[in-house]
2 protein chains.
Amino acid sequence: MRSLWWEDHKLVFIDQRHLPFQLRFFEADTDVRVAEAIKKMVVRGAPAIGCAAVYGMVLGEEPEKTARRLRRTRPTAHDLFYAVDYMLEHGCSLDAAHAYVETVIDKCRRIGRVGARLIERGQCILTHCNAGALATVDWGTALAPLRAAKDRDVFVWVDETRPRLQGLLTAWELQQEGIRHALIVDNAAGYYMQRGEVDMVIVGADRIAANYDVANKIGTYEKAVVAHENDVPFYVAAPVSTFDRSIGSGADIRIEERDEVEVTRIFDYGPEQVQNPAFDVTPARYITGIITEDGIITP
Amino acid sequence: MRSLWWEDHKLVFIDQRHLPFQLRFFEADTDVRVAEAIKKMVVRGAPAIGCAAVYGMVLGEEPEKTARRLRRTRPTAHDLFYAVDYMLEHGCSLDAAHAYVETVIDKCRRIGRVGARLIERGQCILTHCNAGALATVDWGTALAPLRAAKDRDVFVWVDETRPRLQGLLTAWELQQEGIRHALIVDNAAGYYMQRGEVDMVIVGADRIAANYDVANKIGTYEKAVVAHENDVPFYVAAPVSTFDRSIGSGADIRIEERDEVEVTRIFDYGPEQVQNPAFDVTPARYITGIITEDGIITP
């Protein structure tokens with residue numbers, strides 16, 4: 001199942017606001033409605049947002065106006081702007097939109113094929129956050145090798161990933177794919193590594209600096225350090241486009257501090273001060289390899 | 001404020017089931033009622049449970065019957081059995097109960113004095129779980145040095161400590177004591193260590209093996225590894241009675257696997273499989289020192 005697809009002149013989304021509790025769909029037959037889906041987080045994950053935007057450009061009647069409308073939805077998602085410009089250059093045709101989406105999916109499929117070579121029968125792999133089909137339309141990045149190797153009886157340890165609990169989305173995807181897994185609190189990942197029950201870690205990436213430092217969801221850094229200490233290989237799976245050569249090292253990556261409500265809403269209680277950094281940087285020295293659509297890069 | 005105290009022929013507890021959301025009290029004027037308080041987790045933390053039990057023995061009319069009743073409440077809390085036996089040996093007098101509790105509190109106060117020597121003005125200290133007054137009647141273990149050093153403008157990073165969120169209790173205690181602090185998700189602890197914003201980690205201990213391996217709340221191990229990697233001193237604060245010489249190393253400590261509901265109740269959704277180990281073991285090589293009432297022990 002894809003996170004979104006074109007059907008009967010409409011764009012259909014899995015409504016991620018209700019996952020994993022309910023599988024509901026959201027239909028968009030106008031550009032206004034696509035913009036609403038992006039803005040209200042029916043769809044999340046930069047590659048998936050870009051794919052929604054290309055169909056939004058197909059549905060719009062006035063390209064420049066639609067472009068402005070879509071660009072206003074989520075100001076920080078790089079793929080969104082890239083996708084809108086791509087469609088303006090390619091005449092906003094449905095064929096161009098399909099081609100864009102197929103390119104995104106094809107990169108993920110190739111990441112899966114490249115990464116699957118690392119996985120042996122019966123191995124246990126830990127992942128953090130959700131870098132799956134929901135974030136990338138299909139296959140995902142970190143989850144792509146697991147899907148590609150699923151006939152090898154792999155087992156996945158799923159970090160719940162506080163504060164936003166994206167691990168629930170990962171568990172839901174693995175369930176759809178029939179891949180064995182267990183959800184654990186983030187605190188328990190090191191415990192299983194220490195006991196030798198983790199053969200490999202695979203995570204996604206938000207941005208990769210020129211020196212291969214990787215910015216990803218908060219907590220990735222801790223997993224990488226503990227994996228390194230336990231001689232557990234630590235892989236990052238990401239398309240080549242994630243590399244940002246303009247950034248020298250992780251020290252130059254600004255870390256977003258998000259609303260403390262993300263932390264406190266599960267207990268509905270406000271301590272005096274809450275800090276909520278959304279990402280962290282994993283230094284290249286802890287990374288065994290970066291799995292891309294063109295092969296594995298070793299920092 | 002203490003977690004429990006004797007007043008007008010009754011034992012009064014802070015009802016920890018409602019913290020940090022509400023400050024409520026629970027009164028016990030019979031041994032049956034004390035047993036209820038222990039069983040229903042009005043009071044938690046092995047030292048505090050022991051202190052409740054000694055007053056339960058005072059309130060009971062038939063010592064052997066009361067002893068059986070109290071021992072049945074929480075089968076795994078070592079202090080409970082020790083406290084009941086102590087009272088049987090000392091005639092179940094109120095004086096004996098007060099003496100027992102004062103001894104527990106005095107050890108914590110001494111841990112505070114010993115540990116406070118390590119803390120310099122303005123330092124930032126990270127703690128995990130709750131090893132505070134609530135778990136030990138007063139002062140706590142990991143929190144005792146922070147209270148003893150509070151006039152030195154210390155700041156505390158409080159891990160929320162999934163799955164049971166004992167970090168909220170720690171934040172509540174620090175608020176009562178006027179000690180500056182911020183609550184963070186467990187995933188963010190490494191981020192602040194990496195940025196040089198953590199000067200020291202202090203945690204409690206459930207059990208310490210003969211080789212100084214420390215069993216404590218799940219996640220402690222990860223913090224210790226990441227602290228070690230960042231040259232952040234990592235201290236364990238615990239009374240000498242926490243040492244269990246009968247256990248050779250952490251490998252011999254059985255780790256309790258607890259109900260998956262502890263993990264899933266915050267999202268009311270059941271993934272196919274959830275694993276919930278309650279503790280982990282931190283190897284002695286990551287521990288800078290163990291702060292006891294008799295001084296600092298270096299593994």
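Chain letters run A, B, ... following the sequence lines, proteins first, then strands; residues in each count from 1.
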When you compare the side chain of [Y] with that of [X], does any pair of heavy atoms fall below 4.5 Å?
X: Glu229(B); Y: Glu229(A); result: yes
X: His181(B); Y: Gln273(A); result: no
X: Glu222(A); Y: Lys223(B); result: yes

Task: Option that, when pairs with chain B are counted at under 4.5 Å, heavy atom only, ranks first among Pro20(A), Pro283(A), Ala188(A) - done: Pro20(A)
Open item on the list: With a 4.5 angstrom heavy-atom cut-off, is it the side chain or the backbone of Glu262(B) that approaches chain A, or both, or neither?
Closed with: neither
Task: Smallest separation among heavy atoms of Asn187(B) and Asp280(A), with atom names - done: O-OD2, 4.4 Å
Open item on the list: Minimum heavy-atom separation for Pro271(B) and Leu183(A), please, with both atom names.
Closed with: CG-CD2, 3.7 Å
Answer with side chain, backbone, both or neither: which region of [X] has an atom nearer than 4.5 Å to a non-hydrogen atom of chain B?
X: Ala251(A); answer: neither
X: Leu174(A); answer: neither
X: Asp159(A); answer: neither
X: Glu160(A); answer: side chain
X: Phe279(A); answer: backbone
X: Tyr221(A); answer: side chain

Open item on the list: Heavy-atom count check: over 12 atoms from other residues, nucleotides or ligands less than 6.0 Å from Glu120(A) CD?
Closed with: no
Open item on the list: Out of Asp186(B), Val274(B), Ile266(B), return the one with the most heavy atom pairs under 4.5 angstrom to chain A.
Closed with: Asp186(B)
Task: Residue, of Ile184(B), Thr220(B), Thr264(B), that accumulates the most heavy atom pairs under 4.5 Å with chain A - done: Ile184(B)
